[in-house]
**Student:** 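Take this structure first; my questions come after.
In each ligand, atom 1 is the first atom listed, and ligand 1 is the first ligand listed. None of these values were measured; they are calculated from a predicted model.
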Amino acid sequence: MPGRFITLEGGEGAGKSTVMERVAQWLEQKGRRVVQTREPGGTELAEKLRDILLDRNNLVLSGTAELLLMFAARAQHLDERIRPALARGDWVLCDRFTDATWAYQGGGRGLPREHIEALETLVHGDLQPDLTLLLDLPVELGLQRASNRSQADRFEGESFEFFQRVREAYLERAAAAPGRFCVIDASRKLEDVWAQIHVVLQERLVS
Ligand code: TMP
C-alpha cells in the first residue's frame with residue numbers, strides 16, 4: 001500500500017501538537033506505519049536550521065535569508081526523511097510544510113510570491129501533501145492560548161497584524177486547493193475538533 005503525506009497547519013495556539021498525537025495514534029490503530037515529523041526541522045541538520053530560525057536573538061536575519069533557510073531545511077528533510085518514508089509505504093504526518101511558508105513568509109512578511117513559487121518548484125515540484133488539515137481560529141484566541149507557553153520565539157514575538165495576515169494567507173491557500181485542504185474550526189473544544197478530523201481521515205484516506 002502506498003504511503004500518504006499528511007500536513008498540519010495553523011497559526012499560534014491552534015492545538016496542532018495535540019491533534020498530531022491523536023491522528024498518529026488513530027492511524028497506527030488502523031495498521032499504518034506512521035512517521036511523525038515537523039518543519040522547520042525533522043532531521044539533525046534541519047533542526048540546527050530551526051534553531052537559527054527560531055532564535056529570538058537573531059533579529060538581523062533578513063526576510064530572504066529566512067525564506068532560503070526554511071527551504072534549505074525542507075530540502076534536507078525531504079531527501080533524508082520524507083521521501084524515503086513515503087517510498088517505504090509509511091504515512092508521514094508533518095507539523096507544518098510549504099503552506100506555512102506561503103502563510104508566514106508570504107502573508108506575514110509580504111515576500112514576493114514568485115520567490116516562494118520558484119523555491120517550491122525547485123525543492124518539491126513533484127510532491128504535494130495528500131491532505132492538509134488547517135486548524136483555523138481567530139488570532140486573538142490563538143495568541144491568548146499561546147501566551148501560556150514558555151518564552152516566545154522569533155515568530156511568536158510578531159505583531160497581531162502579522163498573525164492576521166498569516167491567517168488570511170492560510171485561508172486563501174485553502175480556498176485555492178479545496179481538494180487537498182480541510183479547514184477545521186480550532187476554536188472549539190478538542191473533542192469536537194477531533195470528531196471532525198476523524199470523519200475527514202475516514203472519508204478521504206482510510207476507507
Ligand atoms: P511551530 O511553532 O509550529 O513549531 O513552528 C515554528 C515556527 O516557524 C512557527 O512560528 C511558524 C514558522 N514557520 C515559518 O515561518 N515558515 C515555515 O515554512 C515553517 C515550516 C514554519
**Student:** CD of E44: more than 12 outside heavy atoms within 6.0 angstrom?
**Tutor:** no
**Student:** For A100, counting its heavy atoms only, list the atoms of ligand 1 lying under 4.0 Å from any of them.
**Tutor:** 16 (N), 17 (C), 18 (O), 19 (C), 20 (C)
**Student:** Can you report which non-hydrogen protein atom sits closest to atom 9 (C) of ligand 1, along with the distance?
**Tutor:** R96 NE, 3.8 Å
**Student:** For ligand 1, is there an N or O atom under 3.5 Å from any N or O atom of D153?
**Tutor:** no
**Student:** Identify, by atom number and element, the atoms of ligand 1 in contact range of K16, meaning under 4.0 Å from any of its heavy atoms.
**Tutor:** 3 (O)
**Student:** Tell me the contacting part of R74 for ligand 1: side chain, backbone, both, or neither, using a 4.0 Å heavy-atom threshold, strictly below.
**Tutor:** side chain
**Student:** Just checking, any donor-acceptor pair under 3.5 angstrom between side chains of R74 and T101?
**Tutor:** yes
**Student:** Regarding atom 13 (N) of ligand 1: of the candidates M70, E66, E9, which has the closest heavy atom?
**Tutor:** M70
**Student:** Locate the shortest heavy-atom distance separating R22 from L190; write the atom from each residue and the value.
**Tutor:** NH2-CD2, 3.8 Å
**Student:** Does any donor atom in the side chain of Q128 or E120 lie under 3.5 Å from an acceptor atom in the other side chain?
**Tutor:** yes
**Student:** Run the salt-bridge test on R173 and E9 with the 4.0 Å N-O cut-off and return the result as yes or no.
**Tutor:** no
**Student:** Can you tell me the protein heavy atom closest to atom 16 (N) of ligand 1 and the distance?
**Tutor:** Q105 OE1, 2.8 Å
**Student:** Test of understanding: given a 4.0 Å heavy-atom threshold, classify the contact between P40 and ligand 1 as side chain, backbone, both, or neither.
**Tutor:** both
**Student:** So if you build clusters from Ile, Leu, Val, Met, Phe, Trp, Tyr with side-chain heavy-atom gaps below 4.5 Å, do L27 and W194 land together?
**Tutor:** yes
**Student:** For F71 and H124, take the angle between the two ring planes, folded into 0 to 90°, and tell me which bin it lands in: parallel under 30, tilted 30 to 60, perpendicular over 60.
**Tutor:** parallel
**Student:** Examine ligand 1 and decide if any of its atoms is less than 4.0 Å from a heavy atom belonging to E12.
**Tutor:** yes
**Student:** What part of R38 sits under 4.0 Å from ligand 1 if we count only heavy atoms: the side chain, the backbone, both or neither?
**Tutor:** neither
**Student:** Quick one: look up the protein heavy atom nearest atom 10 (O) of ligand 1 and list residue, atom name and how far away it is.
**Tutor:** F155 CB, 3.2 Å
**Student:** At a 4.0 Å cut-off, with the gap strictly under it, does some heavy atom of R50 reach an atom of ligand 1?
**Tutor:** yes
**Student:** At a 4.0 Å threshold, what atoms of ligand 1 neighbour a non-hydrogen atom of T101?
**Tutor:** 17 (C), 18 (O)
**Student:** So, does R4 use its side chain to make a donor-acceptor pair with the main chain of G89 at under 3.5 Å?
**Tutor:** no
**Student:** Under 4.0 Å from a heavy atom of E39: give me the atoms of ligand 1 that qualify, with their elements.
**Tutor:** 20 (C)
**Student:** Determine yes or no for a side-chain-to-main-chain donor-acceptor pair under 3.5 angstrom, with R96 supplying the side chain and R38 the backbone.
**Tutor:** no
